[in-house]
Structures are given as C-alpha cells and as structure tokens.
Protein chains: 2
Amino acid sequence: MEVPQIDPQGPVPPYQQIADWLRQQIIAGELRPGQVIPSEKDLVDLFGVARTTARRTVALLREEGLVRTVPQRGTYVTSPD
Amino acid sequence: MEVPQIDPQGPVPPYQQIADWLRQQIIAGELRPGQVIPSEKDLVDLFGVARTTARRTVALLREEGLVRTVPQRGTYVTSPD
DNA sequence: GTGTATTTGTTCGTATGTATC
DNA sequence: CGATACATACGAACAAATACA
C-alpha cells in the first residue's frame with residue numbers, strides 16, 4: 001500500500017494528515033463500507049509514527065463517524081448515513 | 001462520578017482545584033487506601049482539562065504523599081502515615 | 001487443545017512548541 | 001521572565017480478546 005509522506009513539521013499535525021489520507025481513501029471508494037482499515041500497527045509502519053499518533057488518527061475518524069472500531073478485531077469503514 | 005466545576009479563571013489554578021477535590025475524596029474516605037484514583041485520562045474527561053494539567057494534579061498529590069503511582073498500572077491512595 | 005501472533009484498550013513517562021497572564 | 005495551560009508527539013508496558021496454524 002502506497003502512502004503519502006507526512007510532514008511532521010507542517011501546520012497540519014501528522015495524525016490529521018493521516019486521517020486526511022484515510023478519509024480520502026474512503027471517499028474515493030478505495031476503502032469501502034465493511035472493509036477493515038489499516039490497523040494501528042499498520043499505520044505505525046506505513047507512516048513511521050508512534051502508535052499514540054496512529055490511535056489519534058483512528059479516534060478522529062471514529063468521532064467523525066466514518067469508521068467503527070471493534071475491540072480485538074479492527075476498525076471498519078462505516079456505511080454512509 | 002460527579003465532580004465540581006472548576007474555574008479556569010479563578011485565583012486557584014485548575015490543577016490545584018482538582019487536587020483539592022481529590023484530597024477531599026481521600027480524606028472523606030470516598031477514596032480509600034489501596035484504591036485507584038481516576039486516571040489522568042479520567043481527570044481529563046471529568047474536568048475538561050489537558051492531560052498536562054491532570055498530570056500536575058497527580059504529581060502534586062504524589063509529592064504530598066497521598067498517592068503512589070505505579071507505572072502502567074495506575075495511581076493508588078497511600079496508607080496513612 | 002495449545003501456543004503464538006495480532007489487535008485494540010489502557011496507563012504512565014517524557015519532550016517540544018505555542019499561548020496567556 | 002516564570003507559572004500555568006493546552007496540543008501534539010514519541011516511547012514503553014501490560015491486559016484482554018481474537019485469529020490462526
């Protein structure tokens with residue numbers, strides 16, 4: 001999976017940059033409802049960030065209602081309202 | 001858990017206001033020796049402060065010897081001297 | 001059935017940058 | 001300038017449930 005480089009110094013914090021990318025993947029249909037998004041560890045490895053940062057990203061998308069997290073399973077793309 | 005509203009503008013800094021409340025809970029026996037006090041995140045959510053503020057609160061109580069923090073476990077009420 | 005890896009949940013430790021009073 | 005507060009980030013450890021060989 002190819003991911004954009006994130007800019008740790010930019011005005012947009014890394015966790016938001018990653019969220020922006022995931023959001024786009026969802027909107028573009030690369031990640032469809034019911035599908036699992038990259039795990040926290042995946043995001044850590046893909047973007048080279050700490051797990052706490054990856055968790056913030058997922059938390060943000062969850063707050064936006066774009067995804068649903070199932071403990072010990074993963075985080076899934078939500079069906080559009 | 002019900003908590004008092006803190007006054008961010010008052011003369012007493014939020015971290016002290018929260019510490020005051022926790023100290024009273026301990027003295028009143030609501031929080032007994034060996035019991036875990038609310039985590040930093042709990043305090044963040046309960047009082048609507050930043051984690052650093054919650055951390056300062058716990059640090060204060062720790063300096064006072066009222067609590068003991070065990071890494072990766074939590075912060076516990078200390079037995080009375 | 002048993003062990004191992006995966007994944008999320010939770011917690012604390014530490015640091016940097018910005019802003020306000 | 002110092003104290004306080006907030007936002008963000010990285011690191012580390014342990015728990016618990018699930019998945020799988």
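Quick note on labels: first sequence line is chain A, next is B, and so on, each numbered from 1.
- At the phosphate of D:dA13, neither OP1 nor OP2 sits under 4.0 Å from any side-chain N or O atom of B:R73.
- When the side-chain nitrogen and oxygen atoms of A:T69 are compared with OP1 and OP2 of C:dT8, none of them lie within a distance under 4.0 Å.
- Close to D:dG11, at under 4.0 Å from its OP1 or OP2, lies no side-chain N or O of A:T52.
- Residue A:R51 has no polar side-chain atom (N or O) positioned under 4.0 Å from OP1 or OP2 of D:dC10.
- Distance check: A:I37 CD1 to A:E30 CD gives 14.5 Å after rounding to the nearest 0.5 Å.
- Set against C:dT8, C:dC12, D:dA5, the side chain of B:P13 has D:dA5 as its closest nucleotide.
- Nearest to the side chain of B:R56, among C:dT8, D:dT4, D:dC10, sits D:dT4.
- Comparing A:A50 and B:Y15 along DNA chain D, the residue whose closest nucleotide (by nearest heavy atom) sits nearer the 5' end is B:Y15.
- Taking atom CZ of residue A:R55 and atom P of nucleotide C:dT7, one finds them 14 Å apart after rounding to whole Å.
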Polar pairs (N or O, both sides) under 3.5 Å between protein and nucleotides 3-5 of chain C?
none

Just the atom pairs and distances: protein N or O near nucleotides 19-21 of chain C's N or O, under 3.5 Å.
none

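- Comparing D:dA9, D:dC6, C:dT10 against the side chain of A:T53 picks out D:dA9 as the nearest.
- Residue A:Q35 places its CD atom among more than 12 non-hydrogen atoms of other residues, nucleotides or ligands, all under 6.0 Å distant.
- Taking only distance into account, the side chain of A:Q72 meets the base of C:dT8 through a donor-acceptor pair shorter than 3.5 Å.
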